[in-house]
Amino acid sequence: MLNLTINGQAIQVPRGTMLLDACQMAGADVPTFCYDPQLHLAGSCRMCVVEVQGRHNLQASCVTPCVDNMVVDTESPATVEARKIILELLLARHNINCHVCEKTGECKLQDYCYRYGVDDSRFAGEKGHFTSEDPNPFIERDYDKCIMCTRCVRACDEITGAQAISVKDRGHHAKISTVFDGKLADSTCVFCGQCIMVCPVGALSSKVSMNKGRAYQCEKVLTTCTYCGTGCTLELNVKDNQVVGVSSNRDPVYSPVNQGALCVKGRFGWDFIHSEDRLTTPLIKENGQFRAASWEEALDLAASKLKSIKTEYGPDSIALFSSARVTNEENYLAQKMMRAAIGTNNVDHCARL
Amino acid sequence: MANEKRVLLEYADQIDPRKAEDYIKVGGYKGLEKARSMNRRDLIEEVKKSGLRGRGGAGFNAGMKWSFVPQYADTKYVVCNFDEGEPGTYKDRIICEKNAQALLEGMAICATAIDSKQGYIYCRGEYPFMVKLLNDAVQSAKASGALGDFDIEIRMGAGAYVCGEETALIESIEGHRGEPRFKPPFPGVSGLWSQPTVVNNVETFACLPYILTNGADWFAGIGAASYPGTKVITLTGDIENPTYFEVPTDYLLRDVIYKLGGGIKDGKKFKAVQVGGTSGAFIPEQNLDTPIDFDSMAAIGASLGSGAVLVLDESRDIVDVVTRISKFFEHESCGKCNPCREGTWRCREIMERINAGKACPEDIEKLTVLSRVMKNAALCGLGQAAPIPIDSTLKYFKQEYSCKLITL
Amino acid sequence: MTNSIDELEKDATAIFLIGTNTTENHPIIGYKIRKNVRENGAKLIVADPRRIELAEIADVYMQFRPGTDVALLNGMMNVIINEGLLDQKFITERTEAFEDMKQIVEKYTPEVVAAITGVPAADIRKAARIYAEAEAGSICYAMGLTQHHTGTDNVKSVCNLAMLTGHLGRPGTGVNPLRGQNNVQGACDMGALPVSYPAYQAVSADANREKFEKAWGVKLSPHNGLTLTAAINKAYQGELKALYVLGENPMISDPDQHHVEEALDNLEFLIVQDIFLSETAQKADLILPGVSWAEKDGTFSNTERRVQRVRQAIIPPANSRQDWQILMDLTNRLGYSMDYGSPQDIFEEIRTVAPSYAGISYARIERTGLHWPCPNEEHPGTPILHIGKFSRGQGLFHPVEFKEPFELPDEEYPLILSTGRSLFHYHTGTMTRRTQALDAHQPTNEVQVNHHTAAALGIQDGEMVRLSTRRGSIELKAKLTDILNEKVVFTFFHFSEAAANILTHAEVLDPVAGIPEYKVCAARLEKIV
Ligand SMILES: Cc1cc2nc3c(=O)[nH]c(=O)nc-3n(C[C@H](O)[C@H](O)[C@H](O)COP(=O)(O)O)c2cc1C
Ligand code: SF4
Ligand code: SF4
Ligand code: SF4
């Protein structure tokens, strides 16, 4: 174990612990942009710098291994100055339009500017010109809001493995782009939206959720994806009884299968819920045409038909196809209905199709 | 030439750098032979004892660096940093042109010490002709049998200044974008393809044969005690005799300019000298009586760096010179970290504003804070050093800034 | 799956994929496999008629002729046995009938198999060695392996291979079917099968029947029921009179669409409970509007047997009704009394009749789902099956001979047609085709065809073509590719307007599982003139 003093508090950490984690253990909330516990370290945003006694420069705590007897100040004047200046530098290049930004309320840039009282940038000058229109139906890319944390690049590479995007060009011309700076659809992108999941600001967002509600306006309901058999955990974002988006819960306790990662269907394939085509009332076919019916009428009809067929042809003349898409509880009731109420084992579902 | 001391360049122009035979005739590859006869720990001790410190800019003790390489690793690499990206610096090119075999021997000595079979020379992109020379030199050395089973491959850089930074250089050899890595882990533990790797400068390697041949004590006795040996320096700017010299490290800066350099060109007066390349500090007249060694330079807030010496005469506009330097850094920032990517951009903007007479006193304030944060918080040496020219001129030549400001 | 998903990222040192285009059909599992290969250096073997994405990073890729899975697997086992790479200890201690299997496999030398499958003998050897020599070898498969008239044989072969090498019952090993739909596993677990009550308790065993008769307080039928495909056939023949379809779309998902349509038309009464007017619902006499997954509470069981919560996020539209309530209301009208207050009440009953679910409760899976079998409240769940012992005792080797697919290409229908899924759509498209972004991205079906085959037919990329089999034909876009060999074409089954299952056949099914042979039929591709 190593002994450290962080903000005056003594703390012990196992060898190999990174300073950022040690600071967190000591209750210090060190700001970060590029750090992401699921991704390889970048050490590039420099927001997590802290002052370590005896060291010449500020130390980026996410990439600094703890050493015995380190004495650390996470909010020293030099540290705070560095963070404020970094925020001002980022603001200077940023297309600041929080009032219409999808990310307002869960944007790290906003949060840290608020925390450090950075209201404006003394470095205002030329701005970046990065916005790349991308006609894909899933992902909005607004790189005039990008803070170059490269979390998207790493998520794309390390979680999805698509390697669709990377950093192109150098210095302040550096930007996130596909290989030939083209459309995502022409790259190896699979529209999993892992990049949206990790983007700390409004540079990447879901086109499908656009203008439908911000994070703080939504209730997040933890559930399991309705598509393939992997069983990914996701959060349905609900506003005014409408599903307006899907977000990731990245905590492995809540998301043991996928740790927040999703595929294109899970992340963007939810708006069928509110399709105009939804069936909203029982329908009975008469003379080849459907007509609306009450539940009483519909269920009575079903019961009387099934009963008469059972009486006439026996229970095995009736079958039920249950579903791989409905819940366990519903499958259980369906088979129980057939077995106990009809008296047949003619129950199957499309497991094999 | 008055007061030069030539060790690396002793046989300059007398031997063909490509030919191992020529070099052997003047005593070459004796050091390697000796190194091979020693056990590794003693060899590293010997290099440590010589006091040899890195000639690429950071001045780290070479033997110490080697001693960090873990013995258990199967594969280890020796990498020579011949990126020589500092404008005004060409001493590594001179060393190769005059004495390439000494570099190869030095690398082989390092390989012996750390038990490596493969070396790389990362050669500056603007030096394609050197790639040819080095390839010939390696071939000749291999043919002569001098290198034994140690192989050296020459890799050409892509012209980015930051690729001289050792971890960016490693990324570049690996075929990635030339961006620095965070340290630790240092290359000695995890470098090229995540294997332990020693990266040294051309000049550092080229000193080694002489240390082994003549003994650590001999080397330690040359020049300044804390940074012994000789140093090849390149003199440019407003100087009578703009060329290269090899001098002992206790040589005074004033003597470099006035004795070797023959003084300021056209009889003009001295204004400032920038030592160590583009990121070096500007030194005023009052500090000229300082030895050029690493620690003495550091004591006056400057650095020896690569050993480039740029002299400015009285007619030079400091603000204009620094503005141009700020453009260089804006252009060379790799863009990985926030303080440097954004900071070099804004530095350039503010410097241009000052230079154009459109700035006000607050702009100086902004520059000062920005410099401090870049120095404190940038990821690599580029961003940390980029503000030094600004800082040092704000310190010693404030007047030149003030007279360009709009004052209300 | 015998093992859990996470092991594919963390523990497996060699992964053998056969008949699974994992990155498209189980994307998250595919990503984890790729990460394991890229970052931990796990070895990867891919066997698939299409050179799928993961084949690009595979140590061995085997492009075998569709339907020759058994031959390929026997070939690998032949190498493993002959080169002594088998796990003798495992075989002796934990299996039986090894000799029977060995005898059959003997004649499947790599050279013989190469001739059948089209895979070079050297690759078969290499694949066999990598898998057998791995510290932890995992086999994953999906419908590419099962949707054949020999589907059960194929699965048995895969099990043989795992037992032969002892790659079972340890982290990173196992025989791992990747289930296509979110709750296939759960539907099976719950007894939505003609042969078993919940938790795979066979209908045919008297003891089981008695147990359920007691639990449910009613006499139960001792006869196995009809499988889905058999039921369609019975309807076609007029013996099945009423069908209740709950959230499925057999019109699109079942083979030979014309046959299905006639079968449904033959019924006296068809009830469809769904959220959309699917192609099947249009045929119904009565439609009962259920609710979507965002509108209900309950549980799903994923492919690794993990039981997880589904939570109601919104109030369902207008006059629709919770599916469980519909079922309960109807059952009550049929004279059998049900009285549940919520899905949780139903789950509590499931626990009492399904031993593998007994230890799972809503409270326990509030945060993290549990893997069944989980026999009691203290049990941590079972991510890895068969540790130390198989559920039946000794693992049984099944000697399996290779059988050709039912319909082979001939002069009239010279190509092999295989069907499957796209990353951007799901099953019969009832949901994804109504998802704006997904449908905008991939609005139409396509037939994937090798460049050379297309060139020979004068077909250009993107051109509308006609794809026909003995059952019928569809018109769709041609997509030129080099991931297929020249004799094979591939299409998706999500698109009702160009429905792949107009083309597939229902003539022979897997004799045990009743699976249709979606992965192989003889087809013809034509330019439309
Ligand atoms: C921006 C930057 C550029 C550098 N360029 C060079 C260079 O061109 N040549 C060089 O030898 N070292 C250069 N260095 C220093 C190297 O990172 C490294 O310290 C050196 O190669 C170590 O060798 P030494 O110990 O022999 O000096 C540079 C460092 C930085 C931060
Ligand atoms: S959507 Fe997925 S594949 Fe596409 S760029 Fe983002 S992370 Fe990469
Ligand atoms: S797009 Fe977002 S995640 Fe990607 S680098 Fe920019 S700010 Fe970071
Ligand atoms: S300091 Fe500059 S050159 Fe160095 S990593 Fe940061 S951006 Fe790149």
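When reading the values below, keep in mind they use all heavy atoms of this one structure, side chains included, and skip hydrogens, waters and symmetry mates.
Counting heavy-atom pairs under 4.5 Å between each of A:L306, A:N249, A:N237, A:T188 and chain C puts A:L306 at the top. Between chain C and the residues A:G266, A:A185, A:P252, A:A303, the largest count of heavy-atom pairs under 4.5 Å involves A:A303. Options C:A242, C:G186, C:S221 differ in how many heavy-atom pairs under 4.5 Å they form with chain A, and the most are formed by C:A242. Of the listed residues (A:T344, A:I318, A:L333), the greatest number of heavy-atom pairs within a distance under 4.5 Å of chain C belongs to A:L333. The candidate from C:A440, C:S196, C:P222, C:G217 with the greatest count of non-hydrogen atom pairs under 4.5 Å with chain A is C:S196. Top candidate by heavy-atom pairs under 4.5 Å with chain A, chosen from C:E39, C:E304, C:M328, is C:E39. Among A:E219, A:Q259, A:K220, the residue with the largest count of heavy-atom pairs under 4.5 Å with chain C is A:Q259. For the set A:D316, A:N136, A:N258, A:L262, the entry with the most heavy-atom pairs within less than 4.5 Å of chain C is A:L262. Heavy-atom pairs under 4.5 Å with chain A were tallied for C:I350, C:D439, C:V310; the largest tally goes to C:I350. Between chain C and the options A:A261, A:S255, A:S294, the largest number of non-hydrogen pairs under 4.5 Å is found for A:A261. Among the candidates C:F300, C:W324, C:F347, C:Y357, the residue making the largest number of heavy-atom pairs closer than 4.5 Å to chain A is C:F300.
Only the backbone of C:A281 comes within less than 4.5 Å of a heavy atom in chain A; its side chain stays farther off. Neither the backbone nor the side chain of A:I139 has a heavy atom closer than 4.5 Å to any heavy atom of chain C. The parts of A:K336 that come within reach of chain C are both its backbone and its side chain, each placing non-hydrogen atoms under 4.5 angstrom from that chain. Using a 4.5 Å cut-off between heavy atoms, A:Y313 contacts chain C through its side chain alone, with no backbone atom that close. Only the side chain of C:D6 comes within contact range of chain A, with heavy atoms under 4.5 Å apart. Interface residue C:E239: only backbone heavy atoms are found under 4.5 Å from chain A. In this structure, chain C has a heavy atom under 4.5 Å from the side chain of A:T233, while its backbone stays farther away. For A:D157, the parts sitting under 4.5 Å from any heavy atom of chain C are the backbone and the side chain alike. With a 4.5 angstrom heavy-atom cutoff, C:I271 touches chain A only via side-chain atoms. For C:D510, no part lies near chain A; criterion is any non-hydrogen pair under 4.5 Å. Heavy atoms closer than 4.5 Å to chain C are found in both the backbone and the side chain of A:V243. Contact annotation for C:V203: only side-chain heavy atoms (C-beta onward) come within less than 4.5 Å of a heavy atom of chain A. Of the atoms belonging to C:V272, not a single heavy atom falls under 4.5 Å from chain A. When heavy atoms are compared at a cutoff of 4.5 Å, C:L286 approaches chain A by way of both its backbone and its side chain. Heavy atoms of A:I342 lying under 4.5 Å from chain C belong exclusively to its side chain. For a residue to count as touching a neighbouring chain, one of its non-hydrogen atoms must lie under 4.5 Å from one of that chain's; by this rule A:L299 touches chain C with backbone and side chain alike. Of the two parts of C:E295, only the side chain, counted from C-beta on, holds a non-hydrogen atom closer than 4.5 Å to a non-hydrogen atom of chain A. The contact between A:V221 and chain C is made entirely by side chain atoms (from C-beta outward), counting heavy-atom distances below 4.5 Å.
Under the 3.5 Å distance criterion, with hydrogens and angles disregarded, a donor-acceptor pair is assigned to the side chains of A:N328 and C:S301. A side-chain donor from one of C:E349 and A:Y332 sits under 3.5 Å from a side-chain acceptor of the other.
Summarising the geometry, atom CG belonging to A:L279 is positioned 11.5 Å from atom CG belonging to C:N319; distances are rounded to the nearest 0.5 Å. Atom OH of C:Y426 is separated from atom SG of A:C263 by 11.0 Å, given to the nearest 0.5 angstrom. For the atom pair C:D329 CG and A:W295 CH2, the distance stands at 8.0 Å (nearest 0.5 Å). To the nearest 0.5 angstrom, C:Q282 atom CD is 11.5 Å from A:L283 atom CG. Atom CZ of A:F321 and atom OG1 of C:T280 lie 9.5 Å apart (nearest 0.5 Å).
Listed for the A:T327 side chain is no donor-acceptor partner under 3.5 Å among the backbone atoms of C:T299. At least one donor-acceptor pair closer than 3.5 Å links the side chain of A:N345 to the backbone N or O of C:H223. Between the side chain of C:Y336 and the backbone N or O of A:A340, no donor-acceptor pair lies under 3.5 Å. Side-chain atoms of A:S323 come within 3.5 Å of backbone atoms of C:G247 as a donor-acceptor pair (strictly under, hydrogens ignored). Under the 3.5 Å distance criterion, the side-chain polar atoms of C:R434 are left unmatched by any main-chain donor or acceptor of A:D277. Side chain of C:E268 to backbone of A:I309: no donor-acceptor contact under 3.5 angstrom is found. Judged by distance alone, the side chain of A:K265 and the main-chain N or O of C:L423 form a donor-acceptor pair under 3.5 Å. Side chain of C:K32 to backbone of A:V257: a donor-acceptor contact under 3.5 angstrom is found. With C:D285 contributing its side chain and A:K285 its backbone, the two residues share no donor-acceptor pair below 3.5 Å. The main-chain N or O of C:I315 is found under 3.5 Å from a side-chain atom of A:N241 such that the two form a donor-acceptor pair.
Annotation: cation-pi pair A:R339/C:W216 absent, no NZ/CZ under 6.0 Å from the ring centroid and within 45° of its normal.
In this structure the side chain of A:D300 reaches within 4.5 angstrom of the side chain of C:R333, judged on heavy atoms. Between A:R325 and C:T430, the closest side-chain pair of non-hydrogen atoms falls below 4.5 Å. Within the 4.5 Å cutoff, side-chain heavy atoms of A:T230 are placed close to those of C:I5. Residues A:H349 and C:N183 are not in side-chain contact: their nearest non-hydrogen atoms beyond the backbone lie 4.5 Å or more apart. Using a 4.5 Å heavy-atom threshold, the side chains of C:R367 and A:D251 count as separate. Between C:P194 and A:D348, the closest side-chain pair of non-hydrogen atoms falls below 4.5 Å. Counting only heavy atoms from C-beta outward, the side chains of C:P198 and A:Q335 approach each other to under 4.5 Å. Looking at A:N331 and C:L246, their side chains never come closer than 4.5 Å, going by heavy atoms from C-beta outward.
Using a 30° and 60° split on the angle between ring planes, A:F272 and C:W293 fall in the parallel class, below 30°. Between A:F138 and C:F424, the angle of the ring planes stays under 30°, which puts this pair in the parallel group of the 30/60° scheme.
Residues C:T331 and A:A341 come closest through the heavy atom pair CG2-CB, 3.8 Å.
When each of C:H427, C:Q181, C:R179, C:H26 is checked for a side-chain contact (heavy atoms from CB on, under 4.5 Å) with A:C228, only C:H26 meets the rule.
Using a 4.0 Å cut-off between charged nitrogen and carboxylate oxygen, C:K241 and A:E312 do not count as a salt-bridge pair. Remark: A:E235 does not engage C:R311 in a salt bridge, criterion side-chain N to carboxylate O under 4.0 Å.
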